[in-house]
Each structure stands twice: as structure tokens, then as C-alpha cells.
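In each ligand, atom 1 is the first atom listed, and ligand 1 is the first ligand listed.
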Amino acid sequence: MSNLNSTQAIGVFDSGLGGISVVRALIDLLPHEHLIYFGDTARVPYGSKSKETVIRFAHQISSFLLEKQVKMIVVACNTASSVALESLQQKFDIPIVGMIDPGSQAAVRTSHNQRIGVIGTDSTIRSGAYRSAIRALNPDIQVMDQSCPLLVPLVEEDWPHDQVVQQVLQSYLKIFENDKPGSLILGCTHYPYLKSAIQEVIGNEVCLVDSGEAAAAEVQTVLADRGLLNPETGDPGRHKFFVSDFPQKFEETASRFLGLPLENLFKVELEVLESYK
Ligand code: DGL
């Protein structure tokens, strides 16, 4: 790890568009960091795939990012963080930050009662990763979780916040109706795009925790501890975006989510990606 330096970029990856919410949080908090984003748009969604498959994809992408000389990797996907973080940390000799611990810490901090809700993909909820992380922080907290598989396609399709979204949310969030949690973890990086609709359905008394924002704060701490923060004296960070496919409207939707044009956008052929181990 000793040959890392502060001017290197941070690598960030997700199965598709969701991680753009984490890129946004990183740019807001650390505007001088260079970012290299990888969205695995050819193989999204990860949330319904097996643990073994997601681990293999996460290793391939991390190797790709490492070849781009990144100083750190942010697993901007809750599904990959839930099932692959440990094996990534064992294999790669650079700091790797996931979504689960930062999100859990923020939820424990912000819940005004002893209850925390978690929503995520099937794989994330099935892995029990948030449940274990929250219990490790405070075993007295009651964790209520719910998988919401329809939300990722609604975001990927850039579906408007209309009645359909509201009905889907009402159905998924019903389990929280009688025992409202003090905080609700948006345990999928796609969900911040539905934040206002989720807040409306669950009620203003529930604090929504965006794991991406919490992870950005963790990135800042880890880089500062290792003396790897890019000095704020130079130009703002430069960003590059890689995808494994160009789905229709990807560029338009991603740049709208990011609030910036996606100037440096490149496609990596799947065969090339699959050659990484
Ligand atoms: N954005 C990913 C996450 O945070 C999930 C999307 C998918 O299913 O691929 O879990």
C-alpha cells in the first residue's frame, strides 16, 4: 500500500446508474478528488444474482480499476458490498470502502427510537449484512427489513414519480406502517433518486439514511488517516466514466442524476472485462 499517492483517482463502481448517487456525494464532499466510475450496465441488476456471480463481477471490476491506478475503491453498490466486500478486501491491497458499515452507523446515530428499517435488493436483504452491522453497533435495536426488487428497474427506466411509483412504495413500505422506525436505510444506491417519494409514503417523522452520503464521509476519513487526500490547492477533480454497455438514455439519465455532463464516457467490452480476475 506504500506506493499510493494523494493525486491518484478514487475508483467507484456499481451495477449501473445507482452508484452515480455516490459519485454525487463524493464530488460534493471532496471536490478535489479525481474519480473513475464503472457502471456494469451490461450485467445490471446484481440484486437478483447469486452471491458467487456478484463476487466474480466485483473482482473483475476492481482489477480493472486497479489497472487504472486508483488509490482506493468505493463499492457504490449495496448488493456487492453485502456479499463481496470481505473477499475484495482480502485480495486487493488498497483501501476498499463499502456501503453497509457507514449506512448502519448513520442509521444508529439518527434513529430516535430503538427501531431501524432497511430496504434493499433481494440479495442485500437476504445477506443480512445490515442486520448484523446494526446489531454489532447496538444489539438492542430492532431491525425491520424489506426487499424492494421493483425499485431498481423503475430508476433504471427513469420512471417519473407518479402513481405507479407511489403504489409500489405503499406496498413495500406497508410493513413499517404500525411500528415506524426512527430511521430508514436506503440500502441500495438507486433509491436516493426516489427519496422524496419514499419520504412522502413513509412520513416525515422517519429519518432517511442515504448510505452513499455516509460512505462519502467514510472515504474522507480513510483518506485523511492515510495522508491520501488530494490537496485542495489544485484544480477541481477530473472524472471518467466507464460502462459495460450503452443502454438507451444512459448518458442523458446519468448526467441528469449527476447534475453534470458526462464528458469522459467510455465503453469497456464485456469480453475485456471478463478477462480480469
Ligand atoms: N445499486 C445496487 C445496490 O446498491 C443494486 C442494483 C442492482 O440490483 O443491480 O444494491
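- Applying the salt bridge (charged side-chain N to carboxylate O under 4.0 Å, His left out) definition to pairs two or more places apart or across chains, those involving residues 173-183 are Lys174-Glu177, Lys180-Glu205.
- Assignment of Gly16 to the shell around ligand 1 is not supported, since no heavy atom sits closer than 4.0 Å.
- Residue Ser15 touches ligand 1 through its side chain alone, judged by heavy-atom distances below 4.0 Å.
- Here the two rings, on Phe13 and Phe64, have centers that are 6.0 Å apart or farther.
- Using a 4.0 Å cut-off to heavy atoms of Asp14, the atoms of ligand 1 that qualify are 1 (N), 2 (C).
- Ligand-side atoms of ligand 1 in range of Val152: 6 (C), range being under 4.0 angstrom from any heavy atom.
- Residue Tyr46 has at least one heavy-atom neighbour below 4.0 Å for each of these atoms of ligand 1: 7 (C), 8 (O), 9 (O).
- Considering only non-hydrogen protein atoms, atom 8 (O) of ligand 1 sits nearest to Gly47 N, 2.8 Å.
- Checking only distances, Thr124 never comes within under 3.5 Å of ligand 1, N or O to N or O.
- Those atoms of ligand 1 that come under 4.0 Å of a heavy atom in Cys188, given as number and element, are 1 (N), 2 (C), 3 (C), 4 (O), 5 (C), 10 (O).
- Contacts between Thr79 and ligand 1, counted as non-hydrogen atom pairs separated by less than 4.0 Å, involve both the backbone and the side chain.
- Thr79 places no side-chain N or O within 3.5 Å of a backbone atom of Ser123 that could act as its donor or acceptor partner.
- Checked by distance only, ligand 1 and Thr121 stay at 3.5 Å or farther apart across all their nitrogen or oxygen atoms.
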- Message: Pair Asn264, Arg238 - check side-chain contact (heavy atoms from CB on, under 4.5 Å), show working.
- Response: CA-CA 9 Å; Asn264 296 305; Arg238 290 181 303 277; 5.8 Å; no

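- Tyr172 contributes no side-chain N or O that, together with a main-chain N or O of Gln146, makes up a donor-acceptor pair within less than 3.5 Å.
- One side chain, Tyr130 or Ser211, offers a donor N or O that lies under 3.5 Å from an acceptor on the other.
- Less than 4.0 angstrom separates some heavy atom of Val44 from each of these atoms of ligand 1: 9 (O).
- Counting heavy atoms under 4.0 Å from ligand 1, residue Thr189 touches it through both backbone and side chain.
- A donor-acceptor pair is defined here as one N or O able to donate and one able to accept, closer than 3.5 Å; such a pair exists between the side chain of Ser63 and the backbone of Lys277.
- Counting only distance, with no hydrogens or angles, the side chain of Glu251 and the backbone of Glu263 share no donor-acceptor pair below 3.5 Å.
- Residue, atom and distance of the protein heavy atom nearest to atom 3 (C) of ligand 1 are Asn78 N, 3.3 Å.
- Although no hydrogens or angles enter the test, the distance criterion places no donor-acceptor pair under 3.5 Å between the side chain of Lys68 and the main chain of Ile36.
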